[in-house]
Amino acid sequence: MNDWQRKSPLDWETYVNKMVKVAAIEKHEYEGWVLTVDPVSASVVLATFLENEKVSISVVLGHAIQEVEILKEGDDEMKQRLSCIFAPEESKAYSPEEEEKRKNALKTWLETNHIPVTEQGESGRTLCVAGVLTIDPPYGPEECSSSNEIILSRVQGLIQGYLEKQQ
């Protein structure tokens with residue numbers, strides 16, 4: 001086990017949103033912005049911005065890492081860019097006000113159709129249906145999550161029908 005693998009998740013978290021240079025075995029070096037560090041394998045996920053808004057993602061496996069050097073701190077704009085890399089395209093299109101409007105409209109529609117729904121999470125952005133299904137922004141069928149496949153399928157169908165009627 002190397003020094004990098006011995007660090008705790010709290011130590012690794014200090015590298016997130018920072019430009020780093022990773023020295024790996026066999027004299028390989030990687031540079032990029034740290035998106036995350038896997039707490040199990042200690043692998044680092046790096047993002048590099050290419051021309052025309054394309055992003056290259058690389059993973060440096062934890063066991064191969066010898067040293068990680070911070071080159072640059074990320075500013076708020078960079079943190080925002082990094083946080084949007086894996087966000088679905090639809091969620092990028094909505095402002096916080098539009099997102100709130102979509103959430104409230106869907107919640108009202110579900111309640112009108114006698115489907116029990118609550119808001120959860122610290123900011124109330126996630127809708128919870130009957131305590132067994134969650135809907136995250138931007139509140140479409142793809143953002144539904146449940147361990148009960150039957151409920152998941154039915155609620156996704158309802159939301160799809162609701163969204164089609166809205167257009």
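Quick note: numbers below take in every heavy atom, side chains included, and nothing from hydrogens, waters or symmetry partners. These numbers come from a predicted model, not from an experiment.
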How far does CG of D3 sit from CD of E67, to the nearest 0.5 angstrom?
9.5 Å
Are K18 and V34 packed together at the side-chain level, in the sense that at least one heavy-atom pair is separated by less than 4.5 angstrom?
no
I need the L106 CG to L158 CG distance, nearest 0.5 Å.
10.0 Å
Please answer: with hydrophobic residues joined when any side-chain heavy atoms are less than 4.5 Å apart, are I135 and I115 in the same cluster?
yes
Tell me whether I70 is reachable from Y30 by hopping between hydrophobic residues (I, L, V, M, F, W, Y) whose side-chain heavy atoms are closer than 4.5 Å.
yes
Does L61 share a hydrophobic cluster with V37, counting links as ILVMFWY side-chain heavy atoms below 4.5 Å and allowing steps through other members?
no
I'd like to know if E100 pairs up with K103 as an ion pair, taking the criterion as any Lys NZ or Arg NE/NH1/NH2 lying under 4.0 Å from an Asp or Glu carboxylate oxygen.
yes
Cluster link V117 to L152, ILVMFWY, side chain under 4.5 Å:
yes
Checking E164 side chain against G161 main chain: does a donor-acceptor pair fall under 3.5 Å?
no
Can you tell me how far apart CZ (R125) and OG1 (T134) are? Round to the nearest 0.5 Å.
12.5 Å
Heavy-atom closest pair, residues F49 and R81:
CD2-NH2, 3.0 Å
Tell me if a side-chain donor or acceptor on S83 pairs with a main-chain N or O of Q80 at a distance below 3.5 Å.
yes
Are L127 and E119 close enough, and set up right, to give a side chain to side chain contact (heavy atoms under 4.5 Å, CB included), and what steps lead you there?
CA-CA 5 Å; L127 293 178; E119 294 178 19; 3.9 Å; yes
Take V16 and L35 through the test side chain to side chain contact (heavy atoms under 4.5 Å, CB included) and record every step on the way to the result.
CA-CA 6 Å; V16 174; L35 284 172; over 6 Å; no
For residues Q156 and Q160, is any side-chain donor paired with an opposing acceptor at under 3.5 Å?
no
May I ask you to decide if T108's main-chain N or O and T112's side chain share a donor-acceptor pair within less than 3.5 Å?
yes
Closest non-hydrogen atoms of G74 and K79, given as atom of the first, atom of the second and distance, are O-CE, 3.5 Å
Return the set of residues passing side-chain contact (heavy atoms from CB on, under 4.5 Å) with E29 (not counting sequence neighbours), or none when no residue passes.
K21
Could you tell me which residues satisfy side-chain contact (heavy atoms from CB on, under 4.5 Å) with V68, sequence neighbours excluded, listed by chain and number?
W4, Y15, V20, V22, I65
Let me see the working for I57 and F86 under side chain to side chain contact (heavy atoms under 4.5 Å, CB included), right down to the final yes or no.
CA-CA 11 Å; I57 303 293; F86 291 115; 4.1 Å; yes
Who passes side-chain contact (heavy atoms from CB on, under 4.5 Å) against K27, sequence neighbours left out?
none
Spell out, as yes or no, whether a donor-acceptor pair under 3.5 Å connects the side chain of N104 to the backbone of K101.
no
Following the transitive rule for hydrophobic clusters with a side-chain heavy-atom cut-off under 4.5 Å over Ile, Leu, Val, Met, Phe, Trp and Tyr, establish whether L71 and M78 coincide in one cluster.
yes
Show your reasoning for whether side chain to side chain contact (heavy atoms under 4.5 Å, CB included) applies to R102 and L163.
CA-CA 10 Å; R102 284 177 63 90; L163 291 174; 4.2 Å; yes
With no hydrogens and no angle check, is any side-chain donor or acceptor of S146 less than 3.5 Å from a backbone partner on V132?
yes
